[in-house]
Peer 1: 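Let me give you the structure first, and then I'll get to my questions.
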Amino acid sequence: MTSADNLQAFKRDGRIVVVGASLAGLRAAETLRDEGFAGSLTMIGDELGEPYDRPPLSKQVLTGWVPAGGTKLPRRREIDAEWLLGVPAGGLDLATNHVRLADGREVPFDRVLISTGVRARPWFVESEAALDGVFVVRTREHAEGLQRALAAGPSRVLVIGAGFTGSEIASICRERDIPVTVAELAPAPLVGALGAMIGEVAADMQRAHGVDLRCGVKVTRLEGDAQGRLRRAHFDDGTTIDADVAVVALGGIRNTEWLRGSGLAAGVWGIACDTGCRALDLNGLITDDIFVAGDVARCPNPIYEYRLISLEHWANAVEQAEVAAHNMVSGQADRWPHLTIPVFWSIQFGVNIKSVGVPTFADEVVVTQGSVPDRRFVAAYGYRGRVTAAVSFNSAKWLDHYRQLIETAAPFPPPCPTPDQPADSKPAPVDFPGPALLAQGATVVVTGHDPSERRVTAAYQHR
Amino acid sequence: MRVVVDLSRCQGYAQCAFLAPDVFRMHGEEALMYDPNADDDRRDQVLRAAAACPVQAILVDRLEKRDAPAEASPS
């Protein structure tokens with residue numbers, strides 16, 4: 001049999017298992033059927049119930065507008081799958097091609113897609129995390145519990161961590177007129193993702209909306225009363241605040257523990273894969289039948305010097321799922337690379353914040369259009385003279401323009417594209433608190449529009 | 001009915017908020033909030049909103065018959 005015959009036989013009779021039945025898993029399953037896969041499809045998920053959308057949990061659900069159970073994802077088509085829900089996967093055996101479930105069952109596969117995502121990082125002291133009033137927000141059960149606690153009218157909410165989720169929750173507390181304190185170890189909110197300049201803007205925005213923002217402090221202890229209810233939080237500067245709700249928003253942990261001993265390159269950073277979403281084994285060799293998509297994937301990005309980057313972005317989950325699914329049922333010559341420029345959004349304090357590119361891959365930042373005091377502007381990020389990212393505040397229509405600048409490795413700083421020239425448009429150091437992703441300069445640019453056409457070609461540096 | 005908006009595509013044109021104001025709302029100048037669990041009575045409005053979206057960011061459930069795991073079925 002030729003490989004084309006093999007592929008046809010696989011599309012007709014093959015067995016595909018998807019581990020992780022959330023956004024990426026569902027979109028991959030739909031794409032597999034769209035691409036003509038008629039074999040058996042099994043969806044494994046640790047949560048009960050249908051796949052649901054998570055972004056509304058920290059927005060619409062916490063405002064009380066939408067119930068937590070009301071964010072089930074729309075179905076684009078029938079997927080005719082067997083669903084194994086409510087039990088997490090416990091292991092992957094690459095010698096015999098089986099997924100082992102935590103309850104001991106074994107599921108055989110010809111090809112598997114891993115999309116197990118991330119879970120919320122819990123508060124580090126277990127007894128304090130268990131106090132009544134201490135929440136994380138990742139699942140709909142979490143969101144439901146927190147929404148009930150907010151509806152009960154707490155005297156004060158403490159948000160620990162001022163990343164995107166923490167900032168969105170602080171925003172909702174203010175919308176609901178609940179006093180809120182935000183504690184952040186970094187010098188400003190959002191600073192780890194977007195740098196010091198945007199961090200200052202975010203800090204001003206929070207304070208202007210009445211958030212008690214405390215930066216450069218660490219929460220050392222959550223104190224409960226005799227009934228096990230949260231009452232007080234202690235900071236490392238010796239101060240305390242009284243709060244009856246605390247939201248731990250310290251990011252996520254990638255669900256890769258179940259792959260220990262599998263021989264895959266899986267760890268705290270995610271599961272390494274190539275741009276075709278094929279997993280790497282521990283030696284860095286590409287596997288043929290193991291694919292990865294979504295928050296748990298750690299994928300090289302040619303535009304950012306092939307660095308392995310994992311992104312917890314909604315669009316990234318969708319795009320990787322579609323590329324992975326296509327490649328699972330395609331021959332080598334027809335496979336697609338995942339070459340999308342990352343995009344991200346957040347809604348907080350009535351402002352639409354969006355980014356394109358990888359803002360941490362930068363050494364300079366400049367406001368290129370609009371007005372920072374009006375919270376309506378775009379800032380471009382550059383590394384060694386080329387544009388690598390952009391962030392917009394209430395100026396989303398412009399991001400496609402900046403995406404093109406990134407894809408063509410345009411010189412930094414870029415000219416202002418509108419008559420809306422900002423008052424101060426001098427580049428400033430980007431100033432990330434942690435170890436920034438650094439690089440030498442552009443080596444590639446993206447060509448083509450359709451997934452089937454998108455490729456990179458080598459490019460010269462601008463300086 | 002189920003609705004999801006790809007907010008990384010959404011550019012705040014607000015056509016949906018005019019056509020189906022019970023389901024789509026502007027939050028501030030350009031941020032969109034929507035009800036992902038919209039009432040079935042609103043289907044026509046929502047379909048019109050999805051068709052009118054200049055960046056085609058609105059996805060509406062296409063399934064007539066539910067191809068879904070029963071809620072709370074452990075296996």
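The sequence lines fix the lettering, A, B, ..., with proteins before strands; numbering per chain opens at 1.
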Peer 1: For Thr63(A), which atoms come within 4.5 Å of any heavy atom of chain B: side chain, backbone, both, or neither?
Peer 2: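 Just the side chain, heavy atoms under 4.5 Å.
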Peer 1: Identify the heavy atoms of Pro67(A) and Asn37(B) that sit nearest to each other, and give their distance.
Peer 2: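 It is CG-ND2, 4.5 Å.
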Peer 1: With a 4.5 angstrom heavy-atom cut-off, which part of Asp53(A) approaches chain B: side chain, backbone, both or neither?
Peer 2: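 Contact with chain B is through the side chain of Asp53(A) alone.
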Peer 1: Cation-pi check for Tyr13(B) against Lys397(A): NZ or CZ below 6.0 Å from the six-membered ring centre and within 45 degrees of the axis, yes or no?
Peer 2: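 Because its charged atom sits under 6.0 Å from the ring centre and within 45° of the axis, Lys397(A) does stack over Tyr13(B).
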Peer 1: Taking side chain as everything from C-beta outward and backbone as N, CA, C, O, which of these in Gln348(A) sits under 4.5 Å from a heavy atom of chain B? Side chain, backbone, both or neither.
Peer 2: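 Looking at Gln348(A), nothing touches chain B.
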Peer 1: Identify which part of Asp103(A) has an atom lying under 4.5 Å from any heavy atom of chain B, answering side chain, backbone, both or neither.
Peer 2: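 Neither; nothing under 4.5 Å.
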Peer 1: Does any part of the side chain of Trp398(A), heavy atoms only, come nearer than 4.5 Å to the side chain of Gln11(B), both counted from C-beta?
Peer 2: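 A side-chain contact under 4.5 Å is absent here.
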Peer 1: As an exercise: rank Arg76(A), Arg375(A), Lys354(A) by heavy-atom pairs under 4.5 Å with chain B and give me the winner.
Peer 2: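 Among Arg76(A), Arg375(A), Lys354(A), the one with the most close pairs to chain B is Lys354(A).
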Peer 1: In sequence, state the C-alpha distance, the side-chain angles, and the governing distance for Asp35(B) and Gln60(A), and then conclude on side-chain contact (heavy atoms from CB on, under 4.5 Å).
Peer 2: CA-CA 7 Å; Asp35(B) 180 355; Gln60(A) 288 95 314; over 6 Å; no
Peer 1: Testing the basics here: between Leu73(A) and Arg2(B), what is the closest heavy-atom pair and its distance to 0.1 Å?
Peer 2: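 Taking Leu73(A) first and Arg2(B) second, the nearest heavy atoms are O-NH1, 3.1 Å.
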Peer 1: Over all heavy atoms of both residues, which pair between Ser8(B) and Trp345(A) is shortest? Give the atoms and the distance, please.
Peer 2: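 Closest heavy-atom pair between Ser8(B) and Trp345(A): N-CE3, 3.4 Å.
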Peer 1: Heavy-atom pairs under 4.5 Å with chain A - which of Val3(B), Asp6(B), Leu7(B), Val4(B) has more of them than the others?
Peer 2: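 Among Val3(B), Asp6(B), Leu7(B), Val4(B), the one with the most close pairs to chain A is Leu7(B).
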